[in-house]
Amino acid sequence: MKPSNAKGTRDYSALQVAKRYYIFDTLKSIFSKYGFCPIETPAVEKLSTLTGKYGEEGDQLLFKVLNNGDFLKSVKDEDLQNRDYKKMTHDMSSRGLRYDLTVPFARYVSQHQSEIQFPFKRYQIQPVWRGDRPQKGRYQEFYQCDVDVVGSDSLMYEAELVRILDEGFRALQIPIVIKLNNRKVLNGIAEVAGVQDQFTDMTVAIDKLDKIGQEGVEKELTKRNIAPDSITKIFELLSIKELPKLKEALGSSEVGLKGIDELETVFNYINLQPIESTVELDYTLARGLNYYTGCIFEVKAVGVEMGSISGGGRYDDLTSAFGLKNISGVGISFGADRIFDVLEELNKFPSRIEKSTKVLLIAMDDKSHLFAYKSLHYFREANISADLYPEPAKMKKQMKYANNKNIPFVIIIGESEMETGMLMLKNMETGMQVQSTLGEIIRKLS
RNA sequence: GUGGUUGUAGCUCAGUUGGUUAGAGCGCCUGAUUGUGGUUCAGGAGGUCGUCGGUUCGAGACCGAUCUUCCACCCCA
């Protein structure tokens, strides 16, 4: 049998793990600087927790876990006969793998509300699973790094998240554009254009504007049975770039005006301190997850062909599905795997990641091997990442090992070194070598 | 979910209309060099051609199923 991974999943080898930890650690330190604490939730949730939160499309992508034991016992003969897979899954499966970190978080908050001091700021770095067809930057198992605040509707937090995005991607050296919109503005546009009933159709179509152009969007809107008059109106509104003018145009829509107000407030917060990344208003930004109700964000890497590498928004009512009413939350998710691919493409991983071991001891014979093994201890004691080749093999072989493992220093120990106590330290990059005592070398390498 | 695409040595890939014993480069191992890697030279090991089944005197090649890869749509991180 030829081994291979299950669809849409990958192994992470040592170097890849080191690179991933670099991403996680970079983000973690920023998250905690802003006062967020980590939590973790199980990979498996009840299906009742997960279904109905992501829209029909999302529900279909949920991985369901078969019940233990005789899972056919509770399936009705009728459903089996009719091959009614939806009813059958309901009886055969009561759990599923988490689809994102936000919904399990909402469950967590509702369940633990008595222990939580609101506003609650948490971050969470864990894998999620989606039964999508895999593609580049698109996997069935991938990691999300979520930062969320619940229990406050202050727009200060929207601005804070923008700042975290800016700082996070700056630390990772990825140039980005942050796109900002507000679902209420989209609602307003739908109202003014008279298509409230087709809100989702409208947003899905205009979300593609930068991809398929105005003509394509017109076609898409027409296909979705939106009246020509409304289409004209929608494009008229979308062409307005300045907030005050859009405010005027949306005058008849209360919710639209609220959305504009919110955006203005967010920008006021953001502008209190200079920010490096481009933050742009984009009324066409829609985002698919239908639990968003206010501001929405999306981040694109500049100069790389890749879907969005981060996204999020405000959700006013997610916890009410779990019985906790009137709790507003806002959060963003960093897509770790896509960030990984972008860093790889831009060649922006720091080179230090590739050097895990700093020095390799090389022994010439059995006696010096034991001596080297004893010396190894002192390097580790001094917190220097050190290793010893497991046997006194040919020097060439040991050198090659150090070379292939990217180990920058080698110490050669043979009979004469043991006698004099002067060890041979070789710099693998320059090829230079000097004789020093153990203590001297340790001091040099620390 | 719809329509395509890919799979041959550890890696990247050749392999004519079906016809002897399946190739190359890189990597790996050994030696030139018994205490010096990343260069050079010589030699060597390594493949039930993704899997299962079918057609055929004969299949890496043709057909079917299945798994996997990548792509477009859909959606999204």
Side-chain angles (χ1 to χ4, degrees), chain A residues 1-10 13 23 54-62 85 98-102 125-146 200 203-205 207-208 211-212 216 220 223 285-290 292 296-301 305-313 331-342 360 362-365 368 389 392-418 423-433 435:
Chain A
M1 183 184 140
K2 190 181 177 176
S4 76
N5 289 82
K7 189 193 292 194
T9 66
R10 295 121 9 111
S13 54
I23 297 173
Y54 307 108
E56 205 179 321
E57 195 83 36
D59 283 357
Q60 291 222 318
L61 297 179
L62 279 174
Y85 82 95
R98 69 165 105 78
Y99 178 92
D100 70 358
L101 300 176
T102 310
I125 299 178
Q126 289 191 280
V128 302
W129 293 269
R130 296 183 190 178
D132 241 356
R133 286 246 175 122
Q135 270 177 49
K136 185 187 179 186
R138 186 172 186 166
Y139 308 99
Q140 292 204 342
E141 177 189 70
F142 60 98
Y143 275 71
Q144 291 193 327
C145 314
D146 272 34
T200 308
T203 54
V204 167
D207 193 39
K208 297 179 189 163
K211 201 170 174 187
I212 59 177
E220 179 94 23
K223 204 176 81 193
L285 177 63
R287 298 199 53 75
L289 298 177
N290 56 14
Y292 292 123
I296 43 186
F297 319 94
E298 192 161 283
V299 176
K300 286 260 193 181
E305 275 298 315
M306 178 67 71
S308 56
I309 52 176
S310 189
I332 47 171
S333 176
F334 288 76
D337 297 75
R338 284 188 179 175
I339 292 172
F340 183 99
D341 291 347
V342 168
L360 180 76
I362 286 179
M364 299 317 302
D365 50 55
S368 43
Y389 200 82
K394 274 194 185 153
M395 198 160 180
K396 181 171 176 165
K397 194 167 182 169
Q398 303 193 58
M399 294 292 281
K400 199 164 184 174
Y401 177 80
N403 198 49
N404 289 348
K405 284 201 68 169
N406 239 319
I407 300 174
F409 292 98
V410 150
I411 292 168
I412 299 160
I413 302 172
E415 219 169 304
S416 61
E417 281 82 2
M418 274 173 31
L423 309 184
M424 188 70 86
L425 174 69
K426 174 164 178 145
N427 182 323
M428 292 296 278
E429 273 147 50
T430 62
M432 300 281 282
Q433 52 187 56
Q435 287 203 306

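Basis for what follows: all heavy atoms, side chains included, without hydrogens, waters or symmetry-related copies.
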Worksheet, complete the sentence: Separation of B:A77 atom P from A:Gln144 atom CD, nearest Å, is 7 Å
Worksheet item: With A:Tyr139, which residues qualify under side-chain hydrogen bond (donor to acceptor under 3.5 Å, both in side chains), at least two apart?
Response: A:Arg10, A:Asp341
Worksheet entry | Same-atom distance (C1') from B:G18 to B:U56, integer angstrom | 9 Å
Worksheet item: For A:Gly131 and A:Thr9, take the nucleotide of RNA chain B holding the closest heavy atom to each; which residue's nucleotide lies nearer the 5' end?
Response: A:Gly131
Worksheet, complete the sentence: side-chain hydrogen bond (donor to acceptor under 3.5 Å, both in side chains) filter on A:Asn403, not counting sequence neighbours, yields none
Worksheet item: What is the per-nucleotide protein-contact pattern of nucleotides 32-40 of chain B, from the 5' end, where B denotes a base atom under 4.0 Å from a protein heavy atom, S denotes such proximity for sugar-phosphate atoms only, and - denotes neither?
Response: B--BBBB--
Fill in: 4.5 Å side-chain heavy-atom contact, A:Ile309 and A:Phe334
no
Discussion item. Whole angstroms only, please: what is the CG-P distance between A:Leu62 and B:G1?
Written reply: 13 Å
Worksheet item: How many Å lie between CD on A:Gln140 and P on B:C75, as a whole number?
Response: 18 Å
Worksheet item: Does the side-chain ring of A:Phe142 sit on the six-membered ring of the B:A77 base, less than 5.5 Å centre to centre and under 30° in tilt?
Response: yes
Report each atom pair, protein N/O against N/O of nucleotides 72-74 of chain B, whose distance is under 3.5 angstrom.
unit_1, atom_1, unit_2, atom_2, d
B:A72, OP2, A:Gln135, OE1, 2.9
B:A72, N7, A:Gln135, NE2, 3.4
B:C74, OP1, A:Lys208, NZ, 2.7
B:C74, N3, A:Arg138, NH2, 3.0
B:C74, N4, A:Arg138, NH1, 2.3
B:C74, N4, A:Arg138, NH2, 3.2

Fill in: Rounded P spacing from B:A22 to B:G3 in Å
39 Å
Discussion item. With a 4.5 Å cut-off on side-chain heavy atoms, are A:Met395 and A:Met364 touching?
Written reply: yes
Polar atoms only, N or O, under 3.5 Å: list the protein pairs with nucleotides 64-68 of chain B and their distances.
unit_1, atom_1, unit_2, atom_2, d
B:U68, OP1, A:Lys7, N, 3.0

Practice prompt. Indicate yes or no: at least one non-hydrogen side-chain atom of A:Arg130 is less than 4.5 angstrom from one of A:Asp100.
Written response: yes
Discussion item. Between B:U48 and B:A59, how many Å separate the two C1' atoms, rounded to a whole number?
Written reply: 14 Å
Discussion item. For a quick check of understanding: with a heavy-atom distance under 4.0 Å over all strands, which category does A:Gly55 fall into, base, sugar-phosphate or nothing?
Written reply: nothing
Item to complete: Give A:Tyr139 one of three labels, base, sugar-phosphate or nothing, depending on what nucleic acid heavy atoms sit under 4.0 Å from its own.
Response: base
Fill in: Donor-acceptor under 3.5 Å (A:Gln60 side chain, A:Glu57 main chain)
no
Worksheet item: In whole Å, what separates the C1' atom of B:G64 from that of B:A9?
Response: 29 Å
Fill in: B:G46 and B:G10, which share atom name P, separated by this distance in whole Å
11 Å
Discussion item. So that I can compare with my own list, what are the stems of RNA chain B, taken as at least three consecutive Watson-Crick or G-U pairs with distances under 3.5 Å?
Written reply: B:1-4 with B:70-73, B:10-13 with B:23-26, B:28-32 with B:40-44, B:50-54 with B:62-66
Worksheet item: What integer distance in Å separates A:Tyr54:OH from B:C76:C1'?
Response: 13 Å
Item to complete: Answer yes or no: is there a side-chain heavy-atom contact under 4.5 Å between A:Arg138 and A:Arg133?
Response: no
Discussion item. Going by the rule salt bridge (charged side-chain N to carboxylate O under 4.0 Å, His left out), which residues pair with A:Lys208 if we only count those two or more places apart in sequence or in a different chain?
Written reply: A:Glu220
Worksheet item: Expressed in whole Å, how much space separates the C1' atoms belonging to B:U16 and B:G23?
Response: 14 Å
Fill in: Contacts of type ring-ring contact (aromatic ring centres under 6.0 Å, His included), residue A:Phe340, not counting sequence neighbours
A:Phe349
Item to complete: May I have the distance from A:Gln60 (atom CD) to B:G1 (atom P), rounded to whole angstrom?
Response: 8 Å
Response to the item:
To the nearest angstrom, the CZ-C1' distance between A:Arg130 and B:G1 comes to 16 Å
Practice prompt. Using the P atom as the reference point in each nucleotide, state the distance between B:G7 and B:U69 in Å, no decimals.
Written response: 14 Å
Fill in: Residues in side-chain hydrogen bond (donor to acceptor under 3.5 Å, both in side chains) contact with A:Thr430, at least two apart in sequence or another chain
none
Worksheet item: Roughly, in whole Å, what's the span from CG in A:Asp207 to P in B:C75?
Response: 9 Å
Worksheet item: What pairs with A:Lys136 under salt bridge (charged side-chain N to carboxylate O under 4.0 Å, His left out), at least two apart in sequence or on another chain?
Response: A:Glu345
Discussion item. When the C1' atoms of B:G60 and B:U21 are compared, how many Å lie between them, rounded to an integer?
Written reply: 15 Å
Worksheet item: Under a 4.5 Å cut-off applied to non-hydrogen side-chain atoms, are A:Gln126 and A:Leu101 in contact?
Response: yes
Worksheet item: Atom CD of A:Gln398 to atom P of B:C29: distance rounded to whole Å?
Response: 13 Å
Discussion item. Run the side-chain hydrogen bond (donor to acceptor under 3.5 Å, both in side chains) test against A:Asp59 and tell me which residues pass, sequence neighbours left out.
Written reply: none
Discussion item. Among residues at least two apart in sequence or on other chains, which ones pass ring-ring contact (aromatic ring centres under 6.0 Å, His included) with A:Phe409?
Written reply: none
Practice prompt. Could you tell me how the ring of A:Tyr54 sits relative to the ring of A:Tyr99: parallel (under 30°), tilted (30 to 60°) or perpendicular (over 60°)?
Written response: tilted
